[in-house]
Amino acid sequence: MTLDTVKHANDTPDVEQPWAELGLKRDEYDRIREILGRRPTGAELAMYSVMWSEHCSYKSSKVHLKQFGEKAPESDALLVGIGENAGVVDVGQGYAVTFKVESHNHPSYIEPYQGAATGIGGIVRDILAMGARPVAVMDPLRFGAADHPDTRRVLPGVVAGIGGYGNCLGLPNIGGEVVFDPCYQGNPLVNALCVGVMRHEDIHLAKASGTGNKVILYGARTGGDGIGGVSVLASETFDETGPAKRPAVQVGDPFQEKLLIECTLEVFKEDLVVGIQDLGGAGLSCATSELASAGSGGMRVELDAVPLRDSTLSPEEILMSESQERMCAIVEPGKVDRFLEICEKWDVIATVIGEVTDGDRLEIYWHGEQIVDVPPRTVAHEGPVYHRPYARPEWQDALQADDANALPRPAGGEELREQVLKLVGSPNQASKEWITAQYDRYVLGNTVLAQPEDSGMIRIDEETGLGVAVATDGNGRYAKLDPYTGAQLALAESYRNVAATGAKPLAVTDCLNFGSPEDPGAMWQFAEACRGLADACQALGTPVTGGNVSLYNQTGDTAIHPTPVVGVLGVIDDVERRTPMAFSEEGQLVYLLGDTREELGGSAWSQVIHGHLGGMPPKVDLERERLLAEILVSASRDGMIDAAHDLSDGGLVQALVESCLKGGRGARLIVPDGLDPFVFLFSESAGRAIVSVPRSEELRFTDMCGVRGLPATRIGVVDGDAVEVQGQFSVSLAELREVHEATIPALLA
Amino acid sequence: MTTRIGVVTFPGSLDDVDAQRAIRLAGAEPVALWHRDKDLHQVDAVVLPGGFSYGDYLRCGAIARFSPVMDTIIDQARAGLPVLGICNGFQVLCESHLLPGALTRNDHLHFVCRDQRLRVENAGTAWTSDYAEGQEITVPLKNGEGGYVADERTLDELEATGRVVFRYLDVNPNGSRRDIAGICNEAGNVVGLMPHPEHAVEALTGPTTDGLGFFTSVLKKLVTA
Amino acid sequence: MARVVVDVMLKPEILDPQGQAVQRALPRLGYEGISDVRQGKRFELEVEGPVDDDALARIHQLAETFLANTVIEDFTVSVETAQTAQTAREHEEVTPA
Amino acid sequence: MARVVVDVMLKPEILDPQGQAVQRALPRLGYEGISDVRQGKRFELEVEGPVDDDALARIHQLAETFLANTVIEDFTVSVETAQTAQTAREHEEVTPA
Ligand SMILES: Nc1ncnc2c1ncn2[C@@H]1O[C@H](COP(=O)(O)OP(=O)(O)O)[C@@H](O)[C@H]1O
Ligand SMILES: [Mg+2]
């Protein structure tokens, strides 16, 4: 086979090219020809096709994501915003924190262990590339029905993969989610979040500047992994026969990544890099074009210098390979030797593969012959933009009219008790200990809070106690009922979770998991969710710093519930003042903060008891969320509360049971005047939390709530070894613990 | 002069920073030792920390055992240098034959991270003198290959000579024979265990501060020596 | 009673970090001349009854659906006869310990 | 270039949780008549130069000191000749997929 050089492409303008097989549309191919003024070479076509895929170019989502920037609230905290590998937030004392959530959904369905493992690996490199030391990971997960046989295949593999990779990197897992719903059958969601910490001056960006600077590829050798994986895996839906092109699965090597981390941090410390980029989806195509596009000059790469694991790879394949555990750095010539020395110290292979030029082209050579000559911006940043049609689905009205508040309710205490046990033992509400026990939460010695707390909390300065808290949330059922509100509820819950532990919410990352953008209904869900999230971020003053979009999550015509997963990062001046969730002091008073309305649409109760999804999700009141957060943070700082737990799915009773079980203490509750016991226990009104208040602090606490206008209702006392709702029922902690903890092991162990 | 305790970093070591912190909190000076360096830099004791040295590929601890620093540590441990192997460090000690037996895949086949109650069975070693015999402590445990195995004769001998230093209470988290969580060599200067005392040295980040005693024990021994 | 052995190896194009780690350690241990190491799994199944074509077909299917993950692994099934076991043991014996 | 295979299995008296897990799963998958399963490791070493007695002796030593932990594991060393590779492959072929 002759090498398809630029010269050859010039000479043979009429050669048929497989643009359609590579996922390009006719007009996209035409545009490439127009940009280049000739047909692309095979290597160029490979690069464009992968970089212009949905996954890399965000061509369907871009027009909606724009709002996150346009509506971004003024925030002094934002040091680096959307567009870089991850956003960076100022958390004070000279520290900056970077965090981001990404999806690895489709790969995890095909090969659960490796798919999930490389999901962790990828997000960790993103964080590393910003100049930060990764300090924690989280894993929001969604699976099909808990008792479906395929869940038995997918879930254990995913969990083992996340643990296998994260544990081996030495990153504590501090939280996540596990949600079961038949809508995720065949489309599990495996999202992964990483948090990193650095000093302000250590922030690094992905850009290649300085003519003559060297391009160094370091880390693993390049093999045939996931060639075309990005475009195929992320942008094409599966049908009965499986994926159209089954690409080689990427296999992770966490040990290699651990070395890469330590090596990279040492290189940063000695100030040896001008720009840096991780290799993720689209591999070298992405790294070289993005670095060159963001920089001032051009770039010249000798592709045959790339160390290979498989010597038969063609140049196109090398450009597309998604071999894991690789990074690309721009280094001044005088610093190259020291850079290579540090790599050698860590047993990391490093190779100079090119240099920054004073031109404005990305040029790639193969054994001396030019195979790529493109304007890098057209590859990396000026891909196609679609204004896909969208429309509110016809079924939306009927769904919302199917009111959950009208479902039959338990009659009397005995039935309430039964339903409480059923709820607490249902797969979605049950303890996830069987899963989270497979994750190391202690490594690095700075984990202040981890699952099952409302948010994970990491100490970042041992002297001052400065720390950060992160929570992730998303409720696909709410979003299905109303995607605008659902996205806001995801943010509100995550925000509330951070505040419940005593941290002040600062910034947002999000992973938007949706169906096919080519379906106007799914596109409408996406558009609404973006609008909802952007509006809510503006109202709460928490900018979106970055995130990820995963589309085409559907099997045939059936899409998953629209599932925006929102991560919120908060800061706490002194982690000693954190608020845990456990009720551990006998005699403390239990207060319910916020208003309880009759809101059962999309609730856990409606799902568990009636298998129902319909009506409207709970109302969102962002001003109330903000007030609640302020109170929770003040109360924590001033020592007025000993425990706090936010209310979300499962309502008050779920939160109460969790706090009691964690602390090993019971509670006696009184249903507040004017509230129906059922609504009191099961409603999922937003903007609420329960707290336990030492008697000595009661007055100070209720005064503060009164003055600020936050409803605070005394609902009971921490006491005994049962949960008792006066006049209704009582259930022992032992019985609650049994049903709460037995469910998941029974399904999976 | 402050006591200097070395902490070895192999490629893939993870809890080295934690071990250093624990040493500092106990009042000694942590000294970082590098796997390629044979020189122990005059440390008075050595900790082999937890983690996944060499990715735990082949067998946990098997590749680390052949590093240059281990050549020196093996010699000096035989000559009486106090050495503590935690988790992966314990695995390295077994692979080095400084301690008998081996650590195998957990019987339930999962990695497990939990707060583990232990009984201190031998308070006479270099690393346990600050505990009382029979004392119960709680420290984190986290491993995928922590099942302690040895042949019956070795197990009997360990029991008979008081070399079972820690035993699991409540649950046996990994299928270890006779609930063994940690053992020592005949001289009592080399101790290995699967649980992680270095993660239980601060109330803020650990389940307890029960782990600090390991480091104060060796400190006392070295100061009075 | 017969023994059937299923050997499962990562496909050649798939990264084998374990094999690589072993290979990288060899020079340090003083072993030269080994150009590649791959690490896989070996399953020894004790089969009751005759190992006929039917039994082998079933084990083949077992390997394909359960013992190996054919997305990333290849496997072979072989019957360990007294003969082959003997050969293996002989290798043991001819090589000085 | 020749391939030398080192098979490493846990000693019979050592508990093999992986093998047991496989065995326990078999009835659920509809496999009867397999009375025991053991899981071990298989190393494929590509050896440069001739695999003579000397080379085998060295690999034997490598297996003993490094590839296997003889406290808990047994091993066998065998040379994969074209012949044995062929046999394995044939088994592949005779069994319907
Ligand atoms: N996959 C997971 N990985 C880590 N932690 C998890 C995972 N799933 C759930 N958790 C943790 O379990 C706890 C309860 O989860 P969830 O009920 O979703 O919390 P909330 O409703 O407060 O958001 C949280 O601390 C959460 O971080
Ligand atoms: Mg919560």
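Note on naming: letters A, B, ... go to the chains in the order of the sequence lines (proteins, then strands), and numbering restarts at 1 for each one.
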Handout entry: Between CZ on residue D:F43 and CD on residue C:Q18, distance to nearest 0.5 Å
Key = 8.0 Å

Exercise for the section: Mind running side-chain contact (heavy atoms from CB on, under 4.5 Å) on C:K41 and D:K41 for me, showing each step along the way? Expected result: CA-CA 5 Å; C:K41 294 177 199 157; D:K41 296 176 198 159; over 6 Å; no

Fill in the blank from the handout: When rounded to the nearest 0.5 Å, the distance separating CD of C:E44 from CG of D:L10 is 10.5 Å

Completion exercise
Output for pair (D:R38 CZ, C:L45 CG), nearest 0.5 Å, gives 12.5 Å

Completion exercise
On a heavy-atom basis, the closest approach of C:L62 and D:Y31 is N-OH, 3.2 Å

Problem - Under 4.5 Å from any heavy atom of chain D - which part of C:A25 - result: side chain

Exercise for the section: Tell me, out of D:D7, D:L67, D:V5, who's got the most heavy-atom pairs with chain C below 4.5 Å. Expected result: D:D7

Problem - Where C:R58 and D:E32 come nearest, the two heavy atoms and their spacing - result: NH2-N, 3.8 Å

Practice task
Please state whether the side chain, the backbone, both or neither of C:L29 comes within less than 4.5 Å of a heavy atom of chain D.
Solution key: side chain

Handout entry: Gap between atom CG of C:D36 and atom CD of D:E48 - 0.5 Å precision
Key = 10.0 Å

Practice task
Using a 4.5 Å cut-off on heavy atoms from C-beta on, say whether the side chain of C:Q39 contacts that of D:R42.
Solution key: no

